[in-house]
J.: 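Encoded as structure tokens, here's the structure I'll be asking about.
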Amino acid sequence: MDLFTGKLLWPDTLPNPPAYPALDDDIECDVLIIGGGVAGALCSYYLTKQGVKTVLVEKRSIGAGTTAANSGILQCSNDKTLTSCINSFGERNGVRFYQLCKQAVSELGRICSELNLDADYRNRNCLYVASKEKDIGSLQKEFELLQKHGFSVGYWGPEQISRHFSFSKPGAIFSEGDADFNPYKLSNRLIEALCSQFGLRAYTNTEIISHIAHENHLVFHTKNRSTITASKAIIATGYEAQQLKHNSNAFLESTYAMATQQLESFPGWFDQCLLWETARPYLYLRTTVDNRIVVGGMDEGTNNPKERDSMLLRKKDLLLEEAKKLFPELGELKAEYYWSATFGSTHDGFPLIGPQEAFPHCYFALGYGGNGTVYSTIAGQILSSLITNGFHPDAYLFRFDRPSRQLSHS
Ligand SMILES: Cc1cc2nc3c(=O)[nH]c(=O)nc-3n(C[C@H](O)[C@H](O)[C@H](O)COP(=O)(O)OP(=O)(O)OC[C@H]3O[C@@H](n4cnc5c(N)ncnc54)[C@H](O)[C@@H]3O)c2cc1C
């Protein structure tokens, strides 16, 4: 699948990533993980930490799929507001989803500290602004719900916003407890640490092309004619999993992002907090540890890579203009990096995590949606528990056959 086009920011921040051999032998393991992006890396973390004999295979190189295009924002709030989650799935499930996302943001920070990973993880506050006056009512309702359920949020009016920023907006929710990071470094550094400290075996340039499910085990075949025999497998192949089995809840569109040159300071940008808005599709902005601004959004409904890429230069200009409008005090801004990418979501707004009919002994970690890294962390926790204990109390939320509004533990 053609996942993205353009000049990506993150691979330039790690010019010599750790290298792994291609598999050229027949091997065995307890669990095979297919895919070396953030999802595969995080699933490997939870399994190897429990002593499970794990092999990870990647057909490109580590982090070279959608993970390389990921803007690196880690949020508790989602593309789908808490209000909307509760409408779709009921109060208990909607709130539980937001709580899981919140703990996953800090869990990623904990993993980076535990393994001393150089992944540029930073705690961040976040400003979620009303794009238009008409959004104020629903924004206030969202604020009240978040506050009622114990999330650290404040409501900011136009005056408070313009005191802290070089722009004004009709209203905003200011929240604590989010983060940003470098997804390419995270996947590379995490897999490197797991191989050296926890016995993970990783192979790149190793593509799985088919598998056979036996009663108690699976046999996978690679493009270069090796086999991997495993008791279980996790399919963490990102949007390309739709080529293996199309899920009616999943859909692919196009998105755009750019990164500016390195700046000296950020006047008019309180706390360098994360920024996003109520409009759909939304615009989002963050800064990086090397003082760039990453701006993204302007999504388009097409999933055709040619159509996606034909709009890239125009989208880059538009994203740059939006950043200039918000932060006129920053002076001349240039787009040193810009890219277009395929972006996957689900119709009901929850990621797809768990087993699927017709794939015995296999589990899928499909963190579709704007919070894909957070979902991948949740996927690692749930799937490692399903594999080692046969149960996880939150697995029902993300199962493939979930009916919205009627989710139950059974
Ligand atoms: C522009 C953009 C911005 C985004 N911003 C954010 C953000 O700010 N925050 C956030 O949380 N999420 C964001 N996302 C979403 C996030 O990028 C994804 O959810 C996440 O990176 C997906 O990781 P993954 O490991 O599931 O997939 P991938 O990174 O695509 O990894 C899957 C891997 O599987 C490999 N593979 C596929 N098939 C096979 C096979 N048969 N055999 C072997 N290997 C195989 C691929 O080569 C690939 O490396 C963004 C996405 C885009 C496009």
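One-based numbering, in listed order, for ligands and for the atoms of each.
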J.: Considering the heavy atoms of T255, write down every atom of ligand 1 situated less than 4.0 Å from one of them.
T.: 1 (C), 2 (C), 53 (C)

J.: Write out the residue and atom name of the closest protein heavy atom to atom 5 (N) of ligand 1, then the distance separating them to 0.1 Å.
T.: S71 N, 3.0 Å

J.: Give me the residue, atom name and distance of the protein heavy atom closest to atom 6 (C) of ligand 1.
T.: N70 OD1, 3.0 Å

J.: Among G370, S61, A257, which one has a heavy atom closest to atom 12 (N) of ligand 1?
T.: G370

J.: If you measure from atom 2 (C) of ligand 1 to every heavy atom of G367, P183, A69, which option wins on shortest distance?
T.: A69

J.: Using a strict 4.0 Å cut-off to heavy atoms of G35, name the atoms of ligand 1 that fall inside it.
T.: 33 (C), 34 (O), 35 (C)

J.: Check contact between Y284 and ligand 1, using heavy atoms of the residue and a distance below 4.0 angstrom.
T.: yes

J.: Has the side chain of S254 got a donor or acceptor atom that lies under 3.5 Å from a matching backbone atom of T302?
T.: yes

J.: Among all protein heavy atoms, pick out the one at the shortest distance from atom 49 (O) of ligand 1; state its residue, atom name and that distance to 0.1 Å.
T.: E58 OE1, 2.6 Å

J.: Using side-chain heavy atoms (C-beta onward) and a distance below 4.5 Å, is H211 in contact with F359?
T.: yes

J.: Knowing that exactly one of D12, L14, L9 qualifies, which makes a side chain to side chain contact (heavy atoms under 4.5 Å, CB included) with Y184?
T.: L14

J.: Residues two or more places apart in sequence or in another chain: which of them pass salt bridge (Lys or Arg N to Asp or Glu O under 4.0 Å) with D25?
T.: none

J.: How are the rings of H217 and H214 set relative to one another: parallel (under 30°), tilted (30 to 60°) or perpendicular (over 60°)?
T.: parallel

J.: Looking only at protein heavy atoms, identify the closest one to atom 42 (N) of ligand 1 and say how far it is in Å.
T.: I208 N, 3.1 Å

J.: Relative to each other, are the rings of W269 and F327 parallel, tilted or perpendicular (30° and 60° limits)?
T.: parallel

J.: Flag the pair K169 and E277 as a salt bridge only when some basic side-chain nitrogen lies within less than 4.0 angstrom of an acidic carboxylate oxygen.
T.: no

J.: Looking at E321 and K324, is there a salt bridge between them, counting it only when a charged N and a carboxylate O are closer than 4.0 Å?
T.: no

J.: Does only the side chain of E240 get under 4.0 Å from ligand 1, or the backbone, or both, or neither? Count heavy atoms.
T.: side chain

J.: With a 4.0 Å heavy-atom cut-off (strictly under), which part of T66 contacts ligand 1: side chain, backbone, both or neither?
T.: both

J.: Does I62 have a non-hydrogen atom less than 4.0 Å from ligand 1?
T.: no

J.: Yes or no: does L244 have any heavy atom under 4.0 Å from an atom of ligand 1?
T.: no

J.: Taking 4.0 Å as the limit for heavy-atom contacts, which would you say applies to L366 with ligand 1: side chain only, backbone only, both, or neither?
T.: neither

J.: Could you tell me whether T206 approaches ligand 1 through its side chain, its backbone, both or neither, with non-hydrogen atoms closer than 4.0 Å?
T.: backbone

J.: Would A64 count as a polar contact of ligand 1, with the cut-off being nitrogen or oxygen pairs under 3.5 Å?
T.: no

J.: So is there a nitrogen or oxygen of E207 less than 3.5 Å from a nitrogen or oxygen in ligand 1?
T.: no

J.: Could you check whether any heavy atom of A236 sits closer than 4.0 Å to an atom of ligand 1, since that is the contact criterion I want to use?
T.: yes

J.: If you count the atoms of ligand 1 from 1 in the order shown, which ones are under 4.0 Å from a heavy atom of G372?
T.: 10 (C), 11 (O), 12 (N), 19 (O)

J.: Fit a plane to each ring of Y98 and F151, take the angle between them on a 0 to 90° scale, and name the class: parallel (under 30°), tilted (30 to 60°) or perpendicular (over 60°).
T.: perpendicular

J.: Using heavy-atom distances, let me know which of T67, L56, V105 sits nearest atom 21 (O) of ligand 1.
T.: T67

J.: Where on I34 is there a heavy atom closer than 4.0 Å to ligand 1, on the side chain, on the backbone, on both, or on neither?
T.: side chain

J.: Around atom 38 (N) of ligand 1, find the nearest protein heavy atom and jot down its residue, atom name and distance.
T.: T237 CG2, 3.5 Å

J.: Counting non-hydrogen protein atoms only, what is the nearest one to atom 51 (C) of ligand 1? Give residue, atom name and distance.
T.: F343 CD1, 3.7 Å

J.: Please determine if E144 and K141 form a salt bridge, counting it only when a charged side-chain N lies under 4.0 Å from a carboxylate O.
T.: no

J.: Using the six-membered ring wherever Trp is involved, compare the ring planes of H164 and F270 and label them parallel, tilted or perpendicular (cut-offs 30° and 60°).
T.: perpendicular

J.: In terms of side-chain geometry, is the basic nitrogen of R122 or D180 positioned less than 4.0 Å from the acidic oxygen of its partner?
T.: yes

J.: Should F97 and Y375 be marked as a side-chain contact (heavy atoms from CB on, under 4.5 Å) after you check the CA-CA gap, both sets of side-chain angles, and the distance that decides it?
T.: CA-CA 10 Å; F97 176 52; Y375 303 157; 3.6 Å; yes

J.: Under a 3.5 Å distance rule, please check whether T67 uses its side chain to pair with a backbone N or O of V38 as donor and acceptor.
T.: yes

J.: Can you tell me the protein heavy atom closest to atom 25 (O) of ligand 1 and the distance?
T.: A39 N, 3.0 Å

J.: Which option wins on minimum heavy-atom distance to atom 15 (C) of ligand 1: Y368, Y239, F4?
T.: Y239

J.: Determine, step by step, whether F89 and D348 satisfy the side-chain contact (heavy atoms from CB on, under 4.5 Å) criterion, reporting the C-alpha distance in whole Å, the side-chain angles of both residues, the deciding distance to 0.1 Å, and the verdict.
T.: CA-CA 9 Å; F89 296 106; D348 68 10; 3.6 Å; yes

J.: Give the residue and atom name of whichever protein heavy atom lies nearest to atom 46 (C) of ligand 1, and the separation in Å to one decimal.
T.: R60 NH1, 3.3 Å

